Chemist: 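Once you've had a glance at the structure underneath, I'll fire off some questions.
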Amino acid sequence: MKLKSSPWRCSMKVVDISDLRSHTGEEVTVRGWLRRKRSSGKIQFLFLRDGSGFVQAIAERSSVSDGVFQNANNLKMESSVVVKGVVKAEERAPGGVELLVTDIEVVQIPEKDFPINKPDHSIDFLMDNRHLWLRTQRQTHILKIRHEIIKAVREFYNDRDFVLVDTPIFTGSIGESAGNTFEIDYFDYGKAYLAQTGQLYLEAAAMALGKVYNLGPTFRAEKSKTRRHLIEFWMNEAEVAYYKHEDNIKLQEDLVSYVVQKTLERAGDNLLAIGRDIGKLKKIEAPFPRMTYDEAVRLLQKKGFTIAWGDDIGADEETAVASEFDKPVVVEKYPKMMKAFYMQPDPERPEVVFCDDMLAPEGYGEIIGASERIHERELLIERIKEYGLDVSSYDWYLELRDYGTVPHSGFGMGIERVVAWIAGLEHIREAIPFARTLYRIHP
RNA sequence: UCCAGCGUGGCUCAAUGGCAGAGCAUCCGGCUGUUAACCGGACGGUUGGGGGUUCGAGUCCCUCCGCUGGAGCCA
């Protein structure tokens with residue numbers, strides 16, 4: 001359908017719906033879409049959205065022209081409209097403010113019915129229609145919460161003089177372990193891989209700039225089908241030269257506290273609108289409770305789990321540990337054979353490494369994985385061999401240890417897991433605009 | 001990959017092996033304060049595909065496809 005050209009483009013006082021309250025009594029123009037319409041014959045209720053918010057507009061038979069009333073009557077769900085009206089404080093209206101219509105310009109009336117029109121669609125249908133599902137109130141609230149979370153993450157680092165270092169998405173060497181990487185053809189070079197982590201590159205950058213961070217997409221070809229997994233997810237990683245295990249944990253606690261409190265401050269209304277219990281979030285202030293892997297195993301044994309030292313802490317066990325606390329809990333010093341090759345062993349207990357996982361409360365699981373990195377070349381080579389990895393593919397990574405090597409530490413935080421936790425989502429797929437899950441890449 | 005579940009109008013779901021139905025959406029009519037509006041009427045079906053058992057299959061069996069949840073692994 002052809003768009004109409006209209007005089008409203010330059011001659012009207014256009015106001016965001018979120019800002020209507022400050023224009024009470026004035027005649028203004030709102031540009032947006034019709035979310036829903038209700039009619040009582042001689043009065044029509046138009047529920048409008050414009051991206052900034054939602055407002056109810058009223059068209060009364062007795063106070064508008066025939067043409068305007070007919071325009072209102074013709075509108076269907078998700079019609080695009082430019083509505084002129086007088087802002088009025090009104091107790092009966094949702095939001096406390098409504099728009100008394102004086103004119104309606106129709107931009108487009110859809111020929112087809114909007115597919116998402118009731119509250120009980122199946123998740124399969126909603127995911128197939130994700131491009132349209134995004135227009136619903138709940139999804140716009142979640143996207144705004146995600147926006148504030150990412151903004152707070154960037155601020156946290158920028159305020160502390162970290163340097164943003166964007167790490168590559170195409171990588172030639174293998175990051176942590178083969179087997180769950182996406183492989184692609186890279187011209188005559190042969191195979192390249194989609195990044196699972198930017199850590200190795202951040203370690204290089206930390207030796208140049210001291211304190212660095214990244215924020216970008218990562219890819220894991222894991223055939224996971226749980227509410228905590230995405231194939232493509234956004235990760236924030238930080239790496240700091242001269243930071244030891246303790247400094248690293250402190251940084252993580254400060255980051256998570258900051259992000260939660262800033263999100264509460266700036267997206268509190270969005271959180272409330274989707275039913276989040278924000279009382280639980282207000283408690284999220286550093287320091288966080290801590291326990292060693294040893295203590296976690298003893299706790300789980302006391303709770304009746306059959307787990308021995310050296311066993312992995314599985315999903316159920318993780319939830320059991322985290323449910324002991326109403327803040328995130330830091331579990332540190334895991335057995336070295338359970339963790340990645342590059343983690344620094346504890347000199348006092350060489351069987352454990354200086355690492356930590358941060359587990360979010362309320363069953364949301366691991367949001368951060370962290371460690372102090374091995375900074376001695378010989379030890380690193382020894383560990384690469386122990387893991388059966390090819391030393392030659394880590395050539396440049398090893399070379400970082402040849403020129404002024406120093407202790408350093410860092411971590412990775414899963415953005416969508418943090419969004420899911422803060423927003424109180426049941427499934428991580430709502431925490432990202434277009435989720436890539438196992439067997440779903442469209443739209 | 002493994003385990004479990006689901007697949008019926010556009011959508012969400014019913015239907016002891018025996019006439020395929022309801023609500024919502026859509027369309028028509030009514031209603032000046034609706035909040036998932038309401039009231040009356042109409043339209044709407046190759047029950048995911050294929051095969052089998054049976055007088056008879058949406059229902060039971062086999063197989064394939066799709067989706068969902070969980071496990072392992074991870075952030």
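The figures that follow rest on heavy atoms only: side chains count, while hydrogens, waters and symmetry mates do not. Small disclaimer: the values here were computed from a predicted structure and weren't measured. Residue numbering restarts at 1 for every chain, and letters A, B, ... go by the order of the sequence lines.
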Chemist: Considering only side-chain heavy atoms of Leu230(A), which listed nucleotide, rU34(B), rA75(B), rU68(B), is closest?
Modeler: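 For the Leu230(A) side chain, the nearest candidate turns out to be rA75(B).
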
Chemist: Any stems for RNA chain B, made of 3 or more Watson-Crick or G-U pairs in a row, each with both distances under 3.5 Å?
Modeler: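 As far as RNA chain B goes, consecutive pairing (with distances under 3.5 Å) yields the stems B:1-7 with B:65-71, B:10-13 with B:21-24, B:26-30 with B:38-42, B:48-52 with B:60-64.
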
Chemist: Could you tell me the separation between the CD atom of Glu222(A) and the P atom of rA71(B), rounded to a whole number of Å?
Modeler: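 Glu222(A) atom CD is separated from rA71(B) atom P by 14 Å.
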
Chemist: Whole angstroms only, please: what is the OH-P distance between Tyr334(A) and rC74(B)?
Modeler: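 Nearest whole value for this atom pair: 10 Å.
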
Chemist: To the nearest 0.5 Å, how far apart are CD in Gln108(A) and OG in Ser79(A)?
Modeler: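 Separation between the atoms: 7.5 Å.
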
Chemist: Can you check whether any acceptor in the base of rG33(B) is under 3.5 Å from a donor in the side chain of Glu91(A), or vice versa?
Modeler: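 Answer no: no donor N or O sits under 3.5 Å from an acceptor.
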
Chemist: Rounded to the nearest angstrom, tell me the gap between atom CG in Leu100(A) and atom P in rU32(B).
Modeler: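 Atom CG in Leu100(A) sits about 17 Å away from atom P in rU32(B).
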
Chemist: Students often mix this up, so state it plainly: with edges at 30° and 60°, are the rings of Phe182(A) and Phe219(A) parallel, tilted or perpendicular?
Modeler: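 The arrangement is perpendicular - the two ring planes meet at more than 60°.
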
Chemist: What are the residues of residues 288-310 of chain A, sorted by number, that bring a heavy atom to within less than 4.0 Å of RNA chain B?
Modeler: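 Contacting residues: none.
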
Chemist: Check whether any side-chain N or O of Asp312(A) sits under 3.5 Å from a backbone N or O of Gly314(A) as a donor-acceptor pair, and report yes or no.
Modeler: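 No; zero donor-acceptor contacts below 3.5 Å.
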
Chemist: Go through rU26(B), rC31(B), rG69(B) for me and flag the one nearest to the Ser40(A) side chain.
Modeler: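 The closest nucleotide is rC31(B).
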
Chemist: Is a donor-acceptor pair below 3.5 Å formed from side chain Gln56(A) to base rU34(B), judging by atom type as modelled?
Modeler: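 It does, because a donor-acceptor pair links the side chain of Gln56(A) to the base of rU34(B) below 3.5 Å.
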
Chemist: Over how many whole Å does the gap from Lys88(A) atom NZ to rU32(B) atom P extend?
Modeler: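 Checked: the NZ to P distance equals 17 Å.
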
Chemist: Check every atom of rG33(B), rC74(B), rC67(B) against the side chain of Arg440(A) and return the nucleotide holding the closest atom.
Modeler: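 Shortest atom-to-atom distance from the side chain points to rC67(B).
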
Chemist: Is it the case that Arg383(A) places NZ or CZ above or below the six-membered ring of Tyr387(A), under 6.0 angstrom from the centre and within 45 degrees of the axis?
Modeler: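 Checked: cation-pi criterion not met.
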
Chemist: Please tell me which of His427(A) and Met413(A) maps to the more 5' nucleotide of RNA chain B, matching each residue to the nucleotide holding its nearest heavy atom.
Modeler: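 Going by which nucleotide is closer to the 5' end, it is His427(A).
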
Chemist: Atom pairs, N/O to N/O, protein against nucleotides 7-11 of chain B, distance under 3.5 Å?
Modeler:
from	atom 1	to	atom 2	distance (Å)
rC11(B)	O2'	His121(A)	ND1	2.6
rC11(B)	O2	Lys118(A)	NZ	2.4

Chemist: Once you round it to whole Å, what is the distance between C1' of rA75(B) and CD of Gln196(A)?
Modeler: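 After rounding, the gap between these two atoms is 12 Å.
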
Chemist: Return no unless some side-chain N or O of Arg429(A) is found under 4.0 Å from OP1 or OP2 of rG69(B).
Modeler: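 Indeed, a polar side-chain atom of Arg429(A) lies that close.
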
Chemist: Are Tyr157(A) and Tyr258(A) an aromatic pair by the rule of ring centers under 6.0 Å?
Modeler: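 So the answer is no for these two rings.
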
Chemist: Quick one: is the NZ or CZ of Lys327(A) closer than 6.0 Å to the six-membered ring centre of Phe288(A), and within 45° of its axis?
Modeler: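 Pair Lys327(A)/Phe288(A) does not count as cation-pi.
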
Chemist: Is the base of rC31(B) touched by the side chain of Arg61(A) through a donor-acceptor pair closer than 3.5 angstrom?
Modeler: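 Such a pair does not exist between side chain and base.
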
Chemist: In whole Å, what is the span from the CG atom of Leu34(A) to the C1' atom of rA25(B)?
Modeler: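 These atoms are roughly 15 Å apart.
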
Chemist: List in numerical order all residues of residues 351-374 of chain A for which some heavy atom is under 4.0 Å away from an atom belonging to RNA chain B.
Modeler: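 Contacting residues: Glu366(A), Ile367(A), Ile368(A), Gly369(A).
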
Chemist: Between rC39(B) and rU34(B), how far apart are the two C1' atoms, rounded to whole Å?
Modeler: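 Between the two C1' atoms, the distance is 14 Å.
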
Chemist: Return the polar atom pairs (N/O with N/O) between nucleotides 1-5 of chain B and the protein under 3.5 Å, or none.
Modeler:
from	atom 1	to	atom 2	distance (Å)
rU1(B)	OP1	Lys223(A)	NZ	3.0
rU1(B)	O4	Lys223(A)	O	2.9

Chemist: Which is true for Arg228(A) with a 4.0 Å heavy-atom rule: it touches a base, it touches only sugar-phosphate, or it touches nothing?
Modeler: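 Since a base atom lies under 4.0 Å of Arg228(A), the category is base.
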
Chemist: What N/O pairs connect the protein and nucleotides 41-46 of chain B at under 3.5 Å? Give each pair on its own line.
Modeler:
none

Chemist: The side chain of Arg227(A) lies closest to which of these nucleotides: rU34(B), rG69(B), rU32(B)?
Modeler: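 Of all the options, the side chain of Arg227(A) is nearest to rG69(B).
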
Chemist: The side chain of Glu98(A) lies closest to which of these nucleotides: rG33(B), rU34(B), rU68(B)?
Modeler: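 Of the options given, the side chain of Glu98(A) lies nearest rG33(B).
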
Chemist: Which whole number of Å gives the distance between the P atom of rG7(B) and that of rC43(B)?
Modeler: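 Pairwise P distance, rG7(B) against rC43(B), rounds to 28 Å.
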
Chemist: Please state how far atom NZ in Lys339(A) lies from atom P in rC73(B), giving the value in whole angstrom units.
Modeler: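 My rounded result for the distance is 11 Å.
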
Chemist: Using the six-membered ring of Phe69(A), assess whether NZ or CZ of Arg61(A) lies under 6.0 Å from its centre and within 45 degrees of the ring axis.
Modeler: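 Flagged: Arg61(A) positioned over aromatic ring of Phe69(A).
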
